[in-house]
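One structure coming up, written as structure tokens, with questions to follow.
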2 protein chains.
Amino acid sequence: MSSQKRVRVSVSIREVAAHAGVSVATVSNVLNRPDIVARPTRDRVSASIAELGFVRNESARQLRAGRSRTIGLVVLDVANPFFTDLARGVEDEANKAGLAVILCNSDDQERKEKRYLELLEEHRVQGVLITPVVGASSRLARLQRRGTPVVLVDSRSPSRGQCSVAVDDVLGGDLAVSHLLEAGHQHIAFIAGPRTIRQVADRFEGALRALERAGRRHEDLHVIDVGALNVASGQKAGADIAAMTAGRPTAVFCTNDLIALGVLQEMTRHKIRVPEDISIVGYDDIDFAAAAAVPLTSVRQPRQQLGRTAARMLLEESAGGEAHQHQQVIFEPELIVRQSTAATR
Amino acid sequence: MSSQKRVRVSVSIREVAAHAGVSVATVSNVLNRPDIVARPTRDRVSASIAELGFVRNESARQLRAGRSRTIGLVVLDVANPFFTDLARGVEDEANKAGLAVILCNSDDQERKEKRYLELLEEHRVQGVLITPVVGASSRLARLQRRGTPVVLVDSRSPSRGQCSVAVDDVLGGDLAVSHLLEAGHQHIAFIAGPRTIRQVADRFEGALRALERAGRRHEDLHVIDVGALNVASGQKAGADIAAMTAGRPTAVFCTNDLIALGVLQEMTRHKIRVPEDISIVGYDDIDFAAAAAVPLTSVRQPRQQLGRTAARMLLEESAGGEAHQHQQVIFEPELIVRQSTAATR
DNA sequence: GCGACGGGATGTATCGTTTCACTACGAAGC
DNA sequence: GCTTCGTAGTGAAACGATACATCCCGTCGC
């Protein structure tokens, strides 16, 4: 009986009002403050809304309200499980507050990051969560000047001009290397990604700290530099280690799990047993770390919680206005010991 | 010298016009059709825009234009590398067209999917790319009635009422099992996820087809059912296989790579050598497949291309209007042979 | 010298919603 | 019977950008 319903491109509040025999203001009230509308009227309007298939126009609401009901999340690499888990945490929290998340992938490129920040600014998002490619971006500064809350994720705020959440990477590096030292390892290698990345530098610093505390010299840590934080780089480093005839390290600490998986693969290929011949420690504790052929010992970061907390701080700042106090939250990482590490014989 | 610039909440086109001494229409023209504005005027306006830090209000544009410059992408699981790669393809293509992507994670829940579709409808998105949780959703139908293009991703269109892109999963299953049969394997196991998932059913069907063609009976395929398409399920199945004392299969075909990784891990743990004692084939060819301790033979799906194509079809439909013809694109999967499979001795 | 022309700029209605100020009207208080 | 009050509903002005119709004015052709 309703087969003649046809392609109405869009039903506006005005048509609903006409259909229900009330003013547009009343329809708006039904939508936003139903309690102030008398019961019979309210029901009549609701019926019209359902019958006409009316759906609010978010653009119009936003225009009127001056800001949107979305937040932006800018990450370095959506393909990295670390960031997907983080995104998941952000999404959960945003959903709870009735906000949508625009997920932007800067791909480690300043150009893309800039473009996305402009887009988010045009959309008048309620706030931005970002792991910045570089320290200070002019777009970011402009967003803040406009009054848009910005929370730095996994990147300590240098200026204290904003909120930030991060994990104590120095402690993480310390934990990893302490674990290896306690297991009796004398000769430890550190596979480092680009030192310009703060996380890499901090984890390295933590490694040195552990060494010092154990009364060892910095030179005792054999550093192998690789170009990126991915599996391929780990394989290259692994090949180098396998090629060492004398003085091969008995343990390796990798800047992240992707590298560790690459190293592990090379060890297997060269019949170097893990952990009997060499121990491996990764970082991030991504799901694939536990599922590796030799389950990886890794430093776990509270990824989802990181996302949730960041989102909550953003919402709080957004609501709090002038009264808001910026804060820096630092989480503690945790060492998860699995089969890829063992004591020296 | 510009330190007194302060918290202007937002600069509108009107203020730019006043600053440059022109009308708002001219500012709009500079923004949208710069060629029709005289050079000196254009420069003056541009200078004002820069000085005041003006950024367009996307909501207002959208309201006027009647539709937004964003598209929605609804996936089942952002944590699955298959979907992140797909999203990457969509994003690239959307970016090229100057569109933003709202990434929604339905988490395999009908409730969340529905909520997201409502949100996308409120945002008047230009189109929706979706891997639906269930076949037909009323929200989806309503979106289409409104005239919003919808493209089904990785899910063959049942009604032909819309565009779709998918990969030939029957062929994929066929390729995998044919490969094993050609290598001389007589006793093959299939680790199946929930059969209600179309992909699972299709891959199974393909496996049977290969068997038939080789003159073998369906009963020759040993089916092991598991509850989900993840690593944990694979481990469970792997444990079952390891426990078999007699008649253990010499090859396993897994519904996806996560399961395959789980199986591989269990084999290693039980000192069952891969591929000497047992061959393993996965599905999806995620990056971690190549990086596994024993690099996995897997059926590759053109993930990024899937995303790109879907996005392109959506844009085309969005532009084409009435003239548009719905089409179903089916990609062919490809078998990538690595070290996890070998011929029987 | 006058009309036609056209490049360049402008005035303003419009998109859909929200909200503020206001009206209508019956009930209650004195 | 008049004022006061409260409840329910309405009119209309925003929000910011766009685009259509229009206008202004200097040039050119004849």
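All chains are named by letter (A, B, ...) in the order of the sequence lines, taking the proteins before the strands, and each is independently numbered beginning at 1.
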* **Distance-only donor-acceptor check, side chains A:Q62 and B:S59, under 3.5 Å** =>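 Result is yes, a qualifying pair exists.
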
* Asked: Name the one of B:D85, B:D154, B:T84 that satisfies side chain to side chain donor-acceptor pair (under 3.5 Å) with B:R303?
  ->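 So, applying the side chain to side chain donor-acceptor pair (under 3.5 Å) to B:R303 and each of B:D85, B:D154, B:T84, only B:D85 qualifies.
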
* What does A:S12 touch in the nucleic acid at a heavy-atom separation under 4.0 angstrom: a base, only the sugar-phosphate, or nothing? -> sugar-phosphate

* If you fit an axis to the five pairs at each end of the helix from C:dG1-D:dC30 to C:dC30-D:dG1, how big is the angle between those two axes, to 10 degrees? ->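 The angle, to the nearest 10 degrees, is 50°.
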
* To do: May I ask you to decide if B:V153's main-chain N or O and B:T131's side chain share a donor-acceptor pair within less than 3.5 Å?
  =>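 A pair under 3.5 Å: yes.
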
* Between A:S10 and B:R146, a side-chain donor and acceptor under 3.5 Å ->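 Result is yes, a qualifying pair exists.
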
* Nucleic acid contacts of residues 117-128 of chain A, taken as heavy-atom distances under 4.0 Å to DNA chain C ->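 Contacting residues: none.
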
* Asked: What is the distance, rounded to the nearest whole Å, between atom CG of A:L63 and atom P of D:dG16?
  -> 7 Å

Restricting to nitrogen or oxygen on both sides, can you table the protein-nucleotides 5-7 of chain D pairs closer than 3.5 Å?
none

* Other residues, nucleotides, ligands: >12 heavy atoms within 6.0 Å of B:K112 NZ ->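 Above 12, so yes.
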
* Enumerate the residues from residues 16-27 of chain A whose closest heavy atom to DNA chain C is under 4.0 Å, giving them by residue number; use none for an empty result. =>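 The answer is A:A25.
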
* Quick one, which residues of residues 34-43 of chain A touch DNA chain C with a heavy atom under 4.0 Å? ->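 Residues of residues 34-43 of chain A under 4.0 Å from DNA chain C: none.
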
* Asked: Is a side-chain N or O of A:Q126 found less than 3.5 angstrom from the main chain of A:S68, in a donor-acceptor match?
  -> yes

* B:S318 side chain vs B:L314 backbone, donor-acceptor pair below 3.5 Å ->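 No, B:S318 side chain to B:L314 backbone: no donor-acceptor pair under 3.5 Å.
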
* Structure fact -> Sorted by position of nearest nucleotide on DNA chain C, 5' first, the leading residue of A:R61 and B:A60 is B:A60

* Asked: Heavy atoms under 4.0 Å, any strand shown: does A:N32 hit a base, just sugar-phosphate, or nothing?
  -> sugar-phosphate

Which donor-acceptor pairs under 3.5 Å do side chains of residues 93-102 of chain B form with protein atoms, sequence neighbours excluded?
from: B:E93; atom 1: OE1; to: B:R308; atom 2: NE; distance (Å): 3.4
from: B:E93; atom 1: OE2; to: B:R312; atom 2: NH1; distance (Å): 3.3
from: B:N95; atom 1: OD1; to: A:Y116; atom 2: OH; distance (Å): 3.4

* Write down the distance between CG (B:N29) and C1' (D:dT18), rounded to a whole number of angstrom. =>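 Between C1' of D:dT18 and CG of B:N29: 9 Å.
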
